[in-house]
Amino acid sequence: MAKRYNMDGRVAFITGAGGGIGRATALRFASEGARVAVNDVMEEGGRETVELIKRDGGEAIFVGGSVASGKAVESMIGTVVATWGRLDYADNNAWDAVFLPLIDMTEEQWDNAFDVCLKGVWLCMKYQLKQMTQQGSGVIVNIASIAGIQPEPFTGAYSVAKAGVIQLTRVAAGEYGGSKGIRCNAIAPGFIGSERAIHAVTQEFITPEATAAALARVKSSPAGRWGTTDELAQSVVWLCSDNASFINGAVLAVDGGMLCV
């Protein structure tokens, strides 16, 4: 892939990068010359992403651990800084949830969705912002969802957590923008055709009718199709680039126009 932005020597950290959107984002950052720290709780997938980057001549390391653990996140960021001396870009992408009616969700399922999707983003930002504040620069992109703006049935915990990610991003943008030199933005993906997302819609929705309704929404959207993981990845990298230097606290819907109809 040809370079569009000047990211040579910069350092990017991506959570949930063992596949899907996270992997596509890691590969896109590497193609722009950034050194990439790949995180995932699934070590095999994360190390595979690292090998894909190295195979193309890039520089990458694997930093395992759950984003829901503050000690793990602190260790991850510490490893990145110990390896490369800085942290320029962070993409907080890891997620986990089940799709059930609200009354059928267990307390454990609710807590797990919030631990990964919202608490995990906060913990990552906590330690990312500490490093970026010391540097006086940095960009964070949090992966929210259009479900955090316009929720779907049976996505209760996921939708509420993603709405929280949007507000958390805005709070951070206000606290750390300006003289602190840090930008924080969120992306709200629509239906992006990662293997995991397709499986969630076609296999995990509570009824065949719910699956049919979701797929019909995709078909009736202005784009009329699923987005690709690389289309989402390109949006993340662009928001991190100097081309987006005046964008802070924004929520970019990458959904093929789905929120418009």
Side-chain angles (χ1 to χ4, degrees), residues 1 11-32 34-69 72-73 76 79-80 89-99 112-113 115-118 120-121 123-124 140-147 155 158 161-162 165 186-205 211 214 218 225-240 254-256:
M1 292 182 280
V11 176
F13 172 73
I14 300 100
T15 68
I21 292 170
R23 174 174 289 177
T25 303
L27 294 175
R28 179 58 67 171
F29 268 116
S31 75
E32 297 294 342
R35 296 171 288 188
V36 182
V38 172
N39 162 261
D40 205 290
V41 292
M42 304 299 291
E43 183 171 346
E44 183 178 355
R47 292 195 181 280
E48 186 175 274
T49 300
V50 169
E51 289 307 310
L52 289 170
I53 291 171
K54 290 182 176 180
R55 191 180 306 167
D56 287 338
E59 190 174 349
I61 60 171
F62 175 71
V63 284
S66 171
V67 298
S69 164
V73 174
M76 293 175 209
T79 297
V80 174
Y89 314 121
D91 175 39
N92 297 316
N93 166 75
W95 69 278
D96 196 12
V98 296
F99 301 101
N112 182 66
D115 281 349
V116 178
C117 294
L118 183 54
V121 173
L123 286 171
C124 285
I140 296 173
V141 176
N142 295 323
I143 304 302
S145 171
I146 62 168
T155 64
Y158 178 79
K162 290 298 189 178
V165 169
I187 287 179
F191 284 65
I192 303 298
S194 68
E195 182 178 345
R196 187 177 181 193
I198 292 172
H199 185 272
V201 172
T202 60
Q203 304 296 323
E204 297 178 24
F205 276 15
T211 293
V218 175
R225 64 173 176 85
W226 292 73
T228 70
T229 55
D230 190 59
E231 285 174 319
L232 197 287
Q234 289 187 62
S235 300
V236 175
V237 174
W238 172 72
L239 276 175
C240 286
V254 182
D255 68 342

Close side-chain approach of V67 and L123, heavy atoms under 4.5 Å: no
Heavy atoms only: give me the nearest A24-D230 pair and the separation to one decimal. CB-N, 4.1 Å
Taking all non-hydrogen atoms of both residues, which atom of V38 and which atom of A17 are closest, and how far apart? CG1-CB, 3.6 Å
With sequence neighbours left out, what residues match Y89 under ring pair (Phe, Tyr, Trp, His ring centres under 6.0 Å)? F29
Distance, nearest 0.5 Å, that separates OG1 of T229 from CZ of R28: 10.0 Å
Going from CD1 on I21 to CD1 on I14, what distance comes out if it is rounded to the nearest 0.5 angstrom? 13.0 Å
Taking every heavy atom of L27 against every heavy atom of L52, the minimum-distance pair comes out as CD2-CB, 3.9 Å
Heavy-atom pair with the smallest gap, counting every atom of K162 and S145: CG-CB, 3.8 Å
Nearest heavy atoms of A144 and V165, plus distance in Å: CB-CG1, 4.1 Å
Please name all residues satisfying side chain to side chain donor-acceptor pair (under 3.5 Å) with E48, sequence neighbours left out, ordered by chain then number. R23
Pairing residues for E59 by the side chain to side chain donor-acceptor pair (under 3.5 Å) criterion, not counting sequence neighbours: W84
Would you say the side chain of E32 lies within less than 4.5 Å of the side chain of V237, judging by non-hydrogen atoms? yes
Minimum side-chain heavy-atom gap T25-I143 below 4.5 Å: no
Donor-acceptor pair, D115 side chain versus A68 backbone, under 3.5 Å? no
Not counting sequence neighbours, which residues clear side chain to side chain donor-acceptor pair (under 3.5 Å) with N39? List them please. none
For E43, the side-chain contact (heavy atoms from CB on, under 4.5 Å) test, sequence neighbours excluded, returns R47, F62
If you measure from CG on N112 to SG on C117, what distance do you get to the nearest 0.5 Å? 8.0 Å
Correct closest heavy-atom pair for V63 and A37 would be CG2-CB, 4.2 Å
Scan the side chains in residues 186-194 for donor-acceptor partners under 3.5 Å anywhere in the protein, sequence neighbours excluded, and list what turns up.
from, atom 1, to, atom 2, distance (Å)
S194, OG, A197, N, 3.1

Can a donor-acceptor pair be found, under 3.5 Å and without considering hydrogens, that links the side chain of D56 to the backbone of G58? no
With distance as the sole test, does T228 use its side chain to make a donor-acceptor pair with the main-chain N or O of E231 at under 3.5 Å? yes
Nearest 0.5 Å please: distance from the CE atom of M76 over to the OG atom of S69. 7.0 Å
Please tell me if the side chains of V141 and C240 come closer than 4.5 Å, counting only heavy atoms from C-beta onward. yes
